[in-house]
Amino acid sequence: MAVTKKSELKGTMDASSGPKNLSLNTHKAGMEGLDTEKINEIIKRASEGSRFYQHKQKHQQHLNEKLEVMKKEAASFTKEQTEKATKQMDQLIQELEAERDLSHTIVHVDMDMFYAAVEMRDDPSLRDKPMAVGSTGMLSTSNYAARKFGVRAAMPGFIGKKLCPELTIVPPNFSKYRAVSQEVREVFSHYDPGFSPMSLDEAYLDITDYLQKNSSLYVDEDDGDNHEQLAQAVVNEMRHKIEVKTQLTASAGIAANTRLAKVCSDLNKPNGQYYLPPDRDRILEFISSLPIRKVSGIGNVMEQHLQALDITQCGHLMEKRGLLKLLFSETNYENFLTIALGLGHSTLSAWTERDRKSISTETTFKGTSDRQTLFKLSVDLCQELAEDMQEKDIVGKVLTLKFKTIDFQIRTRAQTLSEATLLP
DNA sequence: GGGGGAAGGACCA
DNA sequence: TTCCTGGTCCTTCCCCC
Ligand SMILES: Nc1ncnc2c1ncn2[C@H]1C[C@H](O)[C@@H](COP(=O)(O)OP(=O)(O)OP(=O)(O)O)O1
Ligand SMILES: [Mg+2]
Ligand SMILES: [Mg+2]
């Protein structure tokens with residue numbers, strides 16, 4: 001059992017932790033095309049029979065049933081229905097196209113194997129050795145030597161050890177990562193004072209202004225169409241500055257909007273960058289063969305839904321747009337269209353000065369049903385959360401208790417308070 | 001049809 | 001033997017106006 005106390009400022013809930021499909025998450029990042037056969041075998045053997053694995057299988061089974069229902073529904077639509085839906089989607093496309101904005105240059109910067117890189121920098125004995133940051137219970141990230149063995153983020157440490165017995169596991173030092181992150185952000189602010197940090201190790205920058213004002217520093221004037229040269233030079237310099245300042249490398253993607261920039265930052269990892277020209281045809285060409293899973297927001301479950309409809313690349317979203325309109329919610333099919341068109345936020349205004357919506361603290365411990373033990377843990381978490389809120393000068397309106405059973409079911413109980421309150 | 005509340009779930013780093 | 005933590009946003013259901 002695990003217990004969480006969460007205080008929220010608005011009114012929603014959440015859960016966490018998403019398992020993978022049936023085997024290893026090979027798509028994400030790091031090493032491509034190694035002996036995945038063997039790796040999956042080891043993972044399966046290590047986890048088979050465990051409560052976690054049982055839970056995962058149950059989840060997958062439930063999903064399979066839903067996929068079957070969806071496929072039946074998809075087969076039941078008439079040609080007329082699909083054609084009509086396609087026409088309606090075409091109308092939407094017109095509206096979306098009218099808003100396409102290719103005038104901004106957005107950069108997504110993402111540090112390479114961030115936590116692991118910091119630990120390797122500060123302890124030379126860890127370099128060249130496979131290592132990961134985390135605990136026996138869970139790894140936050142791994143270095144590239146470890147990724148060769150299939151050791152990855154969101155993998156429990158004990159499985160990492162089975163894949164790679166010589167793996168060194170280092171406990172995380174969050175205050176250190178926060179300090180490094182601060183240094184990196186100082187570099188960002190030189191290129192875009194309004195940059196949007198998305199986590200400790202990544203941020204979006206809108207360098208449109210910077211390019212316009214400083215182009216003469218990087219390229220010869222009157223050189224015709226030099227946007228690529230200019231943007232590449234600026235981002236290269238930025239990554240270089242980060243490396244000089246922190247001894248850590250970063251990768252970057254340069255494109256006309258945040259969605260594309262994010263995809264691009266992954267393409268030449270580590271210590272590389274990728275430039276996608278702000279040109280409609282080039283963007284559509286790029287996006288059409290892109291695996292849907294590479295798009296931020298499409299996870300394991302949605303990938304399986306789409307795969308069941310033979311949609312694996314973003315271009316397929318366009319081909320099957322009528323069917324998608326009939327099967328999915330409005331938010332979903334509109335999102336699919338923007339993906340298929342290579343659209344996204346071309347400014348960072350959506351992210352500026354967002355107030356936080358929730359604050360929480362949770363802990364996982366050895367399973368118990370003992371009332372007193374659970375009560376004591378709850379009180380401690382409340383205490384911790386209250387201190388955290390006091391420190392950050394936050395008041396809450398909704399209090400949520402979250403608990404996780406030994407078979408990984410997550411339940412939440414929430415109560416709205418009549419007044420925003422600090423101490424429950 | 002809507003808003004507010006409660007519960008659950010997908011996804012991200 | 002063993003599968004984290006702290007966030008965001010979306011969907012569904014229910015009650016009620
Ligand atoms: N599932 C997770 N749980 C906790 N922390 C995580 C998790 N995934 C990632 N992190 C942390 C550790 C990472 O160093 C940091 C940045 O994530 P991310 O950029 O995805 O990977 P990375 O920087 O370690 O490697 P990469 O070189 O692929 O970018 O966030
Ligand atoms: Mg990273
Ligand atoms: Mg990242």
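Numbered from 1 within each chain, the chains take letters A, B, ... in sequence-line order. This one's a predicted model, so the numbers in the text were calculated from it and none came from an experiment.
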#### Entry: C1' gap between B:dC11 and C:dC4, integer Å
16 Å

### Query
Any idea how A:His345 and A:Trp351 line up, ring-wise: parallel (<30°), tilted (30 to 60°), or perpendicular (>60°)?
perpendicular

### Query
If you pin A:Lys262 and A:Arg411 to their nearest nucleotides in DNA chain B, which one's is more 5'?
A:Arg411

### Closest-nucleotide ordering on DNA chain B, the 5'-leading residue of A:Met302 and A:Thr416
A:Thr416

### Query
Quick one: does A:Leu309's side chain get under 4.5 Å of A:Met70's, heavy atoms only?
yes

### Message
Is the ring pair A:Tyr204/A:His108 parallel, tilted or perpendicular, if the boundaries are 30 and 60 degrees?
### Response
tilted

### Query
Do A:His190 and A:Tyr210 have their ring centres less than 6.0 Å from each other?
yes

### Message
Side chain of A:Gln415 only, heavy atoms from C-beta on: which candidate in C:dC4, B:dA6, C:dT8 is closest?
### Response
B:dA6

### Task
Select from A:Lys392 and A:Thr331 the residue whose nearest nucleotide in DNA chain C is closer to the 5' end of that strand.
A:Lys392

### Message
On the nucleotide B:dA7, are OP1 or OP2 found under 4.0 Å from the side-chain N or O atoms that A:Thr400 carries?
### Response
no

### Contact nearer the 5' end of DNA chain C, comparing A:Glu384 with A:Ser47
A:Ser47

### Query
Counting any heavy atom closer than 4.0 Å, what does A:Ser296 reach on the DNA or RNA strands: base, sugar-phosphate only, or nothing?
sugar-phosphate

### Message
If the cut-off is 4.0 Å, is A:Thr412 near the phosphate of B:dG8, judged by side-chain N/O to OP1 or OP2?
### Response
yes

### Query
In the strands shown, is C:dC3 matched to any nucleotide by a Watson-Crick or G-U wobble pair with both distances under 3.5 Å, and which?
none

